[in-house]
Amino acid sequence: MRQNADHLMAFIRAMVRNNALAEDVFQETFLVAWRRFDDFDRDRPFGPWLRGIAHRTALGLKRKTRKEFAVDTAIVDVLESHAAGYERISMSEESSAAEMLNDCVGRLPPRYREVIEVLYRGGRSISEVAEATDAGAEAVKKRLQRARRMIADCLRTKGLLA
Amino acid sequence: MTDDANARRDDAAEQADDRFVEALLEASKPEEAAASEARIRLGMATIRDREPVAVISRRRWWAVAGGLGSIAAVMMLAVFFQTSEVRADRIIARVLAAESAVTALRFDVRLEAPDGRPHPDLEGSIDLLARPGGHPLLRFEVDRPADRSHAWGVDPRGGWGRSHRGIVSRFDRTEWSSRIMGDGLDLLIDAMPGLLDRVAEGYELTTVTDASGDRTTLVAVKGEDGENTKAPDRIRIDIDPDTYEVRRLVLEWNQGSGSDEAFEAPPRAGGRGDRRRPRGEGPPAGFDRRRPPPGPSGGPGERRRRPPPPPSGRPGPGRDPLVDEVMRAESQGPERPPARITFERVPASAFEPGDFSPTTVRDG
């Protein structure tokens, strides 16, 4: 469980974009995987099987709870490739996904790096950042989006993103 | 491939990139390490001991067998229980994630003696410091009744007790919990995530949300597997619906039988049920419901320095003037768990491991 938890959670979070819902999908996925473990073909990789269960679980939860989150097949296909890259890196001992992410964040121009640091590592909200930097919330959101795009490009060069 | 299809594919790829990086950044938050651990613990506990579907099925069967008569009523019950059960699981997961990131806790505590027992109720407070890779440190200062003030604690060396007269004794780490709650109950030594793990494992859970939406309560009723144990029969956990932090925790034991048999646990060689308490000096197990006059507030150190009241010339009710002798006798501990233990969360300051070491206080 421990070995698969990180890439599974990243996949689920990216799919549902809601931390509380992601926790629910994670727990349900693991329970279903445990119950259906006999169905798993041991000649095939475990990660995609687990993420397939997570995808179906999220769809089921979406129907049951009427939560609004996009699980467009085309997006999920790309997320699956990204999660596979994350899983591959997690299994290797050369470098960790966290190290790669840190490196990519460190390479951001200062104004973008600052937004990422304050929001994700300083525990601040977008409105707090907007207030502190005298920028509007929309401006902060755009800066954040651009920063994530730069990080994505950087992670792609490192092989973490497909 | 048409231009539209290409555009859609590019858009999906861009959205996926953004979402995945966002997920990685979420995972890099400082609290995520503890949350991840809690997630795994809950998942393992669910796999190991709980089968929510089986519980729901049993309840549905019960509803039908109970002859409720109306199909609609049965369906409504099934939907209610299923929703409640799933919701309880989610709440436990979120509380575990929230509490795993908290290392310093303080609770005001009240222990109500079992019915028909001469012990007064106890009131005091517990400070608790969770440590990665080690057992939690704690300090339970019993302030009321004033003539029986004493303390229990766990520091890096193990358990300790400080009598009303300030005499410090060393015990096993789990000893204080066993003495207070009856033989073998060490529910309190694991800090909140440990307690919640146990609740998730051995109890049937339902949730109640008050009308104002200000509080969510998890009601845990001991499952069939625990009927012959001394674990609490019911646990109520009041949770802040926004932060998922535990505000209040109430452990209750059935008192109706008036017999100790209800709490008889099967003997387990070498296990908790078989544990014998060491004889020797230990704090008296007595307490009172009266609130004390306002005292100093702050960290454990402040309360530690508060000296116990000097012994009066006459013994109080049920108190032997030969305190040491009383403590020897009472170190046998209560025969039954208390009727109820209530923990009210209060803001905690930052604790240091040194705050949890015993301090000998002699009355002057």
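Every value quoted in this text rests on a predicted model; they were computed, and no experiment measured them.
A salt bridge does not link B/Asp17 to A/Arg148: none of the charged nitrogens lies less than 4.0 Å from a carboxylate oxygen. One finds no salt bridge joining A/Asp153 and A/Arg149 here, because no Lys/Arg side-chain nitrogen approaches an Asp/Glu carboxylate oxygen to under 4.0 Å.
Only the side chain of A/Asn19 comes within contact range of chain B, with at least one heavy atom under 4.5 Å from a heavy atom of that chain. Both the backbone and the side chain of A/Leu79 come within contact range of chain B, with heavy atoms under 4.5 Å apart. Looking at B/Ser36, the atoms closer than 4.5 Å to chain A (heavy atoms on both sides) all sit in the side chain, from C-beta outward. Proximity to chain B is limited to the side chain of A/Ile116, based on heavy atoms less than 4.5 angstrom apart. Contact of A/Leu160 with chain B is made through the side chain alone, with heavy-atom distances under 4.5 Å. When heavy atoms are compared at a cutoff of 4.5 Å, A/Ala83 approaches chain B by way of both its backbone and its side chain.
We find the CG-CD distance between A/Leu61 and A/Glu28 to be 7.5 Å, quoted to the nearest 0.5 Å. Atom CD of A/Glu87 and atom CZ of A/Arg51 lie 5.0 Å apart (nearest 0.5 Å).
Atom CZ of A/Arg156 has more than 12 heavy atoms from other residues, nucleotides or ligands within 6.0 Å.
The choice from A/Ala152, A/Ala20, A/Ala97 that makes the most heavy-atom pairs within less than 4.5 Å of chain B is A/Ala20. Listed options B/Glu14, B/Glu32, B/Glu26 were ranked by heavy-atom pairs under 4.5 angstrom with chain A; first place goes to B/Glu26.
For A/Arg44 (side chain) and A/Trp49 (main-chain N/O), no donor-acceptor pair under 3.5 Å exists by modelled atom type.
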